[in-house]
Novice: 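Mind having a look at this structure? Questions to follow.
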Amino acid sequence: MTHSAEQPASTYAATAAAVHVDASTHPPTAELAARFEAERGRLRSVAYRMLGSLSEAEDAVQESWLRLQRTADRAADRAADRVGDRVGGGDSAGESAGADADIDTGSESDSGAGINGVQNLSGWLTTVVGRICLDMLRTRTSRREDPLEPGGAETRVPDVVVRPADPGQEAELADSVGLALLVVLDTLAPAERLAFVLHDMFAVPFEELAPIVERTPAATRQLASRARRRVRGATIPATTDLARQREVVEAWLAATRAGDFEALLALLDPDVLLRVDAGPGTASKLVRGALEVAGQATYFGQLVDTACAAFVGDGVGIVQAPRGQVVSVLVLTFREGWVSGVDIIADPPRLAAMGVTWPLEPREERV
């Protein structure tokens with residue numbers, strides 16, 4: 001399933017029509033879509049950090065829209081019932097008002113006040129997306145649950161956001177997620193990941209997270225604390241500034257183009273790890289050590305004439321795009337100015353689903 005970076009309100013209006021929302025008795029679709037659209041970017045960020053997959057994040061956000069529509073549908077029905085009861089002389093308003101105290105999210109109840117009276121729509125949507133992502137994490141296939149460690153049957157590199165290496169887009173990198181953090185998040189249990197991401201990254205109170213993970217607020221706090229220790233204790237290389245990253249990428253492209261083993265070796269950390277994710281059903285390619293990774297220069301050079309620098313995740317990497325078709329993305333991790341990790345996504349269908357596209361002609365100007 002291919003997802004675009006932006007979906008206009010009309011897309012949501014069309015989806016609303018598909019689930020038979022009656023505009024005469026329900027909140028106007030355009031207004032509801034506009035409210036949701038204002039939150040969509042942040043919800044996508046929540047889902048991406050929860051799932052490590054751009055396409056799955058889009059699916060989670062879209063599901064939250066459908067749940068919001070269903071909630072609006074039920075809230076309007078209850079309001080209409082109360083009006084009918086009053087006109088008919090009945091006195092069930094109190095019972096109906098009590099029913100409004102729970103907002104249905106497709107699972108257990110979440111505290112709220114009916115869609116027309118939600119005090120914090122942003123917080124409500126965040127917890128709904130969190131619940132959806134938690135369910136998705138729990139039902140992933142065994143392949144997705146395997147840890148990203150050497151020796152596994154397959155290697156899976158989490159999705160990364162890829163952009164042209166335009167200096168004008170550098171400011172956006174501050175909000176990007178690096179591969180190193182995504183790999184660590186993939187090692188957390190689903191409930192730990194939710195507690196850490198929603199609390200530490202998006203400031204959702206533990207009292208609101210507790211019902212989602214079916215624990216007390218105190219136990220939920222412990223989940224986040226345990227996840228925080230694992231994230232801090234993981235070996236995440238120190239940040240290398242973008243200027244140095246550009247220098248290394250330019251030198252990498254020059255060395256691989258020339259087949260210069262020594263020049264490539266000089267760019268690598270002694271303990272560099274190369275991982276290649278070529279898609280489901282493929283054998284892992286895991287290579288450790290500068291000599292061994294530099295020895296893959298022939299592999300790197302196969303498509304170097306169609307390779308160019310790009311912003312990948314929160315740093316500078318490389319995209320290979322013969323005839324404008326992206327066939328691989330190289331995610332480079334840096335430590336103290338040298339390349340300490342090379343993660344290659346070489347799965348064209350997955351790259352297409354990630355929405356990675358490139359100009360027909362490779363960029364002449366290298367970073």
Novice: Give me the atom names and distance for the closest heavy-atom approach of Ile318 to Val312.
Specialist: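 Scanning both residues completely, I find the closest heavy atoms to be N-CG2, 4.2 Å.
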Novice: Considering all heavy atoms of both residues, which atom of Ala290 and which atom of Leu268 are nearest to each other, and what is their separation?
Specialist: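 Reported closest heavy-atom pair: O-CD1, 3.6 Å.
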Novice: Examine distances only and state if a side-chain atom of Gln320 and a backbone atom of Ala307 form a donor-acceptor pair shorter than 3.5 Å.
Specialist: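 No, the answer is negative, given that no donor and acceptor are paired below the 3.5 Å cut-off.
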Novice: For the residue pair Cys133 and Leu194, establish whether any side-chain heavy-atom pair is separated by less than 4.5 Å.
Specialist: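 A side-chain contact under 4.5 Å is absent here.
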Novice: Roughly how far, to the nearest 0.5 Å, is the CE atom of Met201 from the CZ atom of Phe196?
Specialist: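 Answer for the CZ-CE pair, Phe196 versus Met201, is 4.5 Å.
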Novice: With a 4.5 Å heavy-atom cut-off, do Leu332 and Val249 have their side chains touching?
Specialist: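 Counting from C-beta outward, Leu332 and Val249 do come under 4.5 Å.
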Novice: Can you confirm whether Leu32 sits close enough to Trp65 that some side-chain heavy atom of one is under 4.5 Å from a side-chain heavy atom of the other?
Specialist: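 Of all side-chain heavy-atom pairs linking Trp65 with Leu32, at least one is under 4.5 Å.
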Novice: Applying the side-chain contact (heavy atoms from CB on, under 4.5 Å) test to Arg275, which of Ile345, Val183, Ile344 qualifies?
Specialist: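 Of the listed residues Ile345, Val183, Ile344, the side-chain contact (heavy atoms from CB on, under 4.5 Å) partner of Arg275 is Val183.
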Novice: Determine whether Asp186 and Arg193 satisfy the following criterion, salt bridge (charged side-chain N to carboxylate O under 4.0 Å, His left out), listing intermediate values before the conclusion.
Specialist: CA-CA 8 Å; Asp186 271 354; Arg193 187 166 186 168; 2.7 Å; yes
Novice: Would you mind reporting whether Val327 and Leu351 have side-chain heavy atoms less than 4.5 Å apart?
Specialist: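 Leu351 does not reach Val327 side chain to side chain.
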Novice: Can a donor-acceptor pair be found, under 3.5 Å and without considering hydrogens, that links the side chain of Asp269 to the backbone of Val339?
Specialist: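 No: the side chain of Asp269 does not pair with the backbone of Val339.
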Novice: Step by step, work out the side-chain contact (heavy atoms from CB on, under 4.5 Å) result for Val61 and Glu56.
Specialist: CA-CA 9 Å; Val61 171; Glu56 289 182 359; over 6 Å; no
Novice: So Thr71 and Trp124, do their side chains get closer than 4.5 Å, heavy atoms only?
Specialist: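 Side-chain contact under 4.5 Å: yes.
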Novice: When you compare the side chain of Asp343 with that of Asp277, does any pair of heavy atoms fall below 4.5 Å?
Specialist: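 Side-chain contact under 4.5 Å: no.
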Novice: Counting only N and O atoms by type, is there a donor-acceptor contact under 3.5 Å from the side chain of Arg215 to the main-chain atoms of Val213?
Specialist: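 Indeed, once roles are kept as given, a pair shorter than 3.5 Å links the two residues.
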Novice: Has the side chain of Arg230 got a donor or acceptor atom that lies under 3.5 Å from a matching backbone atom of Thr187?
Specialist: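 Judged by distance alone, yes, a pair lies under 3.5 Å.
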Novice: With a 4.5 Å heavy-atom cut-off, do Leu286 and Leu274 have their side chains touching?
Specialist: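 No. Closest side-chain heavy atoms not under 4.5 Å.
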Novice: Hey, does the side chain of Glu192 reach the backbone of Ala189 with a donor-acceptor pair shorter than 3.5 angstrom?
Specialist: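 Here the side-chain-to-backbone pair exists.
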Novice: Apply side-chain contact (heavy atoms from CB on, under 4.5 Å) to residues Phe334 and Leu267 and explain how you reach the verdict.
Specialist: CA-CA 10 Å; Phe334 298 85; Leu267 303 174; over 6 Å; no
Novice: For Gln222, does its backbone N or O pair with a side-chain atom of Ser225 as donor and acceptor, under 3.5 Å?
Specialist: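 Not at all, since once roles are kept as given, no pair shorter than 3.5 Å links the two residues.
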Novice: One thing to verify: whether Asp271 and Arg335 come together as a salt bridge, which I'm taking to mean a side-chain N less than 4.0 angstrom from a carboxylate O.
Specialist: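 Not counted as a salt bridge, because no side-chain N and carboxylate O are separated by less than 4.0 Å.
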Novice: With side-chain contact (heavy atoms from CB on, under 4.5 Å) as the criterion, how do Arg70 and Leu66 come out once you've worked through the C-alpha distance, each side chain's angles and the decisive distance to 0.1 Å?
Specialist: CA-CA 6 Å; Arg70 290 196 294 269; Leu66 295 175; 3.9 Å; yes
Novice: Check the pair Glu292, Arg288 against salt bridge (charged side-chain N to carboxylate O under 4.0 Å, His left out), reporting the backbone distance first and the verdict last.
Specialist: CA-CA 6 Å; Glu292 290 74 12; Arg288 184 181 291 279; over 6 Å; no
Novice: So which heavy atom on Pro158 is nearest to which on Leu179, and how close?
Specialist: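 Scanning both residues completely, I find the closest heavy atoms to be CD-CD1, 3.6 Å.
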Novice: To the nearest 0.5 Å, what is the distance between CZ on Arg131 and CG on Leu198?
Specialist: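 If I round to the nearest 0.5 Å, the distance is 11.5 Å.
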Novice: Kindly give the heavy-atom pair with the smallest separation between Val319 and Ala310, and that separation in Å.
Specialist: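 Scanning both residues completely, I find the closest heavy atoms to be CG2-CB, 3.7 Å.
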Novice: Given side-chain contact (heavy atoms from CB on, under 4.5 Å), test Val204 with His199 step by step and report yes or no.
Specialist: CA-CA 5 Å; Val204 179; His199 179 267; 5.6 Å; no
Novice: Where do Ala224 and Asp200 come nearest, in terms of heavy atoms and distance?
Specialist: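 Nearest heavy atoms, Ala224 then Asp200: CB-OD1, 4.4 Å.
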Novice: Rounded to the nearest 0.5 Å, what separation is found between the CD1 atom of Ile132 and the CD atom of Gln62?
Specialist: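 If we round to the nearest 0.5 Å, Ile132:CD1 and Gln62:CD are 10.0 Å apart.
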Novice: Going by heavy atoms in the side chains, are Ser328 and Val326 under 4.5 Å from each other?
Specialist: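 The answer is no; the side chains never approach within 4.5 Å.
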Novice: Mark yes or no: Arg244 above the aromatic ring of Trp338, with NZ or CZ under 6.0 Å from the six-membered ring centre and no more than 45 degrees from the axis.
Specialist: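 Yes - Arg244 lies over the ring of Trp338, closer than 6.0 Å to its centre and within 45° of its axis.
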Novice: How far apart are the C-alpha atoms of Arg44 and Glu37, what are their side-chain angles, what is the distance that settles it, and do they pass the salt bridge (charged side-chain N to carboxylate O under 4.0 Å, His left out) test?
Specialist: CA-CA 11 Å; Arg44 189 170 182 270; Glu37 181 65 17; over 6 Å; no
Novice: Shortest non-hydrogen contact from Leu51 to Ala60?
Specialist: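 Shortest heavy-atom separation between Leu51 and Ala60 comes out as CD1-CB, 4.3 Å.
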Novice: Check whether Tyr48 reaches the backbone of Leu43 with its side chain - one donor and one acceptor, N or O, closer than 3.5 Å.
Specialist: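 A pair under 3.5 Å: no.
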Novice: Does a sphere of radius 6.0 Å around CZ in Arg221 hold more than 12 heavy atoms from other residues, nucleotides or ligands, not counting ones at 6.0 Å or beyond?
Specialist: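 12 or below, so no.
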Novice: Within the side chain of Arg49, is there an N or O that forms a donor-acceptor pair under 3.5 Å with the backbone of Ser45?
Specialist: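 Yes; at least one donor-acceptor contact below 3.5 Å.
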Novice: Distance check, rounded to the nearest 0.5 Å: Met50 atom CE versus Leu188 atom CG?
Specialist: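 Answer rounded to 0.5 Å: 10.0 Å.
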Novice: Walk me through it: do Glu39 and Ser122 pass the test side-chain hydrogen bond (donor to acceptor under 3.5 Å, both in side chains)?
Specialist: CA-CA 7 Å; Glu39 301 290 338; Ser122 176; 3.2 Å; yes
Novice: Is the backbone N or O of Leu54 less than 3.5 Å from a side-chain atom of Asp159, with the two atoms forming a donor-acceptor pair by type?
Specialist: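 Here the side-chain-to-backbone pair exists.
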